[in-house]
Amino acid sequence: MVAITKTAAIVTAARAALGSGILVLPFVFRITGPGLALCLLFVSVLLAMSSLNMVVRVALYRGVHSFPQLSRIAFGKVGEVATVASVCLYAAGCLVGVFAMLGDVVPRLVHLGLEMLPPALQLAGDGALVLFATDRALIMICSAVAAAYLGSLESVVSLGRLSSFSLYANVAFILLLGYDAVRFPDPHVDAAQLAAAHPRVFMREFPVISTSFVTHHIILPIVHSLPEDQQRRGSPAVIAAATSIVGVFCGAVGTFGYLVGRGAHQSVLQEVRVDGVGSLSVLAMFTLSLVFSAPMNIYPARENLLVLLSSAHHHRLRASPTGRLVFAAAFAGLCCYVAIVARNLDVMFGIVGSAFGTMISYVIPAALYAQLCWEASSATAGNAGGGGDAGGGGSSS
């Protein structure tokens with residue numbers, strides 16, 4: 001695997017956590033109250049840093065390169081299979097959400113683009129793009145084809161500049177939201193509402209916020225892509241920087257989106273004002289970045305499933321571009337089919353993603369760390385006891 005710099009590792013890790021879920025944060029801010037939501041984000045950042053460091057420290061100590069292998073060491077084959085299932089279900093839920101979001105957003109962008117053309121070009125362009133602009137299924141199929149190709153790359157690190165572009169697109173989107181919050185603040189938002197908190201909905205909305213930081217299933221390949229002498233010393237800085245970036249992005253999108261429309265829609269994209277080529281370009285860039293987020297879900301699903309195979313089959317399939325493409329096409333195609341056919345199930349897949357995202361982020365890392373620390377302490381106690389027995393025998397003789 002080609003070594004990467006710390007900056008590239010930070011960008012890749014941050015990009016892995018940023019997906020379509022960030023668009024629902026203004027709606028969450030409306031339900032919980034912005035004050036409580038920001039507090040939950042801060043707590044989630046600290047918890048994510050802690051759990052990610054747990055995973056990386058134990059993996060480097062044991063010389064393990066994947067999340068399921070850690071589970072196998074701690075809990076045996078059953079734990080490994082359960083971890084693989086959690087990662088795959090989480091990835092599938094996220095990918096279904098991405099395809100559904102693209103199917104809803106792209107038609108709006110195409111229509112807005114056509115409206116900005118001169119009248120003569122509008123007539124010419126409308127006939128060529130009307131099918132693409134209105135056919136939700138066709139949009140999702142095209143997105144799945146692009147996702148399958150990008151998901152067939154050897155590693156998420158191979159995305160390189162695409163990850164950087166996606167991060168810049170998120171920055172531009174946040175600036176656009178902030179600009180709208182200054183120009184078109186919702187007149188019904190006052191200081192009392194900004195400080196309001198609704199603890200009753202804490203348990204319902206906390207998983208939505210906490211799963212904004214799920215990179216645990218993909219952090220080990222990123223850390224192992226660093227130069228060997230930087231993996232132990234550099235990984236805490238990479239985790240802290242990437243998690244902080246995601247926390248700032250989530251807080252900005254939630255706050256600005258709430259100020260613009262009080263989270264009236266479940267997707268903040270429906271509240272952004274598009275009144276020029278600049279704002280339309282920013283939305284188009286952000287929408288394209290959603291396509292680039294698909295490999296962040298396909299890659300961990302592929303790598304986790306390959307762990308269940310024998311070592312020889314594992315390395316052969318990973319080294320085969322055809323094998324990677326077939327898996328990526330099958331996984332993306334299945335998720336696309338679900339997004340098209342079962343349109344009303346996107347809420348269920350969101351719940352699946354949140355539930356298994358919480359498992360991946362907090363439950364499994366804590367259980368792994370506790371189990372492996374208990375084994376290490378037991379081994380240390382056993383060695384100390386054995387040494388004491390040997391010393392006692394020598395003195396009596």
Side-chain angles (χ1 to χ4, degrees), residues 1-19 44-74 83 87 150-151 153-168 170-171 212-249 292-293 295-300 302-304 306-307 311 314-315 318-319 324 360-362 364-366 368-369 372-373 376:
M1 184 178 293
V2 179
I4 62 174
T5 63
K6 282 186 181 179
T7 302
I10 291 170
V11 170
T12 304
R15 187 64 197 95
L18 293 171
S44 297
V45 168
L46 298 180
L47 291 175
M49 286 184 186
S50 177
S51 59
L52 282 167
N53 277 302
M54 285 181 185
V55 171
V56 172
R57 285 174 59 189
V58 174
L60 292 177
Y61 175 74
R62 289 298 187 104
V64 174
H65 287 71
S66 71
F67 199 41
Q69 288 174 343
L70 277 178
S71 298
R72 184 170 189 172
I73 292 174
T83 301
V87 171
L150 295 173
L153 298 177
E154 185 176 0
S155 169
V156 291
V157 178
S158 305
L159 291 174
R161 293 179 179 177
L162 294 183
S163 294
S164 300
F165 167 83
S166 299
L167 208 60
Y168 295 147
N170 277 267
V171 172
S212 301
F213 303 90
V214 179
T215 52
H216 302 66
H217 57 310
I218 208 170
I219 191 64
L220 293 183
I222 296 174
V223 169
H224 285 291
S225 298
L226 291 169
E228 190 171 352
D229 60 335
Q230 296 184 18
Q231 290 179 6
R232 290 185 182 275
R233 293 180 302 167
S235 58
V238 170
I239 290 171
T243 309
S244 299
I245 290 172
V246 176
V248 171
F249 280 21
F292 295 157
S293 71
M296 302 296 183
N297 297 307
I298 296 176
Y299 173 80
R302 181 188 78 207
E303 292 301 304
N304 279 266
L306 288 179
V307 167
S311 179
H314 185 177
H315 292 295
R318 177 185 285 176
R324 297 197 303 265
I360 295 168
S361 299
Y362 306 109
I364 295 177
L368 284 173
Y369 194 77
L372 293 175
C373 286

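Residue numbers count from 1 along this sequence.
- The distance from atom CG of Leu60 to atom OG of Ser235, rounded to the nearest 0.5 Å, is 5.5 Å.
- Inter-residue side-chain proximity for Leu18 and Leu167 is flagged as met; some heavy-atom pair is nearer than 4.5 Å.
- Note: Leu52 CG to Ile219 CD1 = 5.5 Å, rounded to the nearest 0.5 Å.
- Looking only at distances, a side-chain donor or acceptor of Ser225 sits under 3.5 Å from a matching main-chain atom of Pro221.
- For the pair Ser244/Met49, a side-chain contact is recorded, criterion being any heavy-atom separation below 4.5 Å from C-beta on.
- In this structure, CD1 on Ile10 lies 8.5 Å from OG1 on Thr5, to the nearest 0.5 angstrom.
- Summarising the geometry of Pro295 relative to Pro300, their closest heavy-atom pair is O-CD, 4.0 Å, with the distance given to 0.1 Å.
- Although no hydrogens or angles enter the test, the distance criterion places a donor-acceptor pair under 3.5 Å between the side chain of Arg302 and the main chain of Gly151.
- Closest heavy-atom contact between Ala14 and Ile245: CB-CG2, 4.2 Å.
- The CG atom of Leu150 sits 10.0 Å away from the CE atom of Met296 when rounded to the nearest 0.5 Å.
- Pairing each heavy atom of Thr243 with each of Val45, the nearest pair is CG2-O, 3.7 Å.
- The two residues Leu226 and Ala9 make their nearest non-hydrogen contact at CD2-CB, 3.9 Å.
- Minimum heavy-atom separation, Gln231 to His224: NE2-O, 3.3 Å.
- Nearest heavy atom pair, residue Ser293 against residue Arg15, reads CB-NH2, 3.3 Å.
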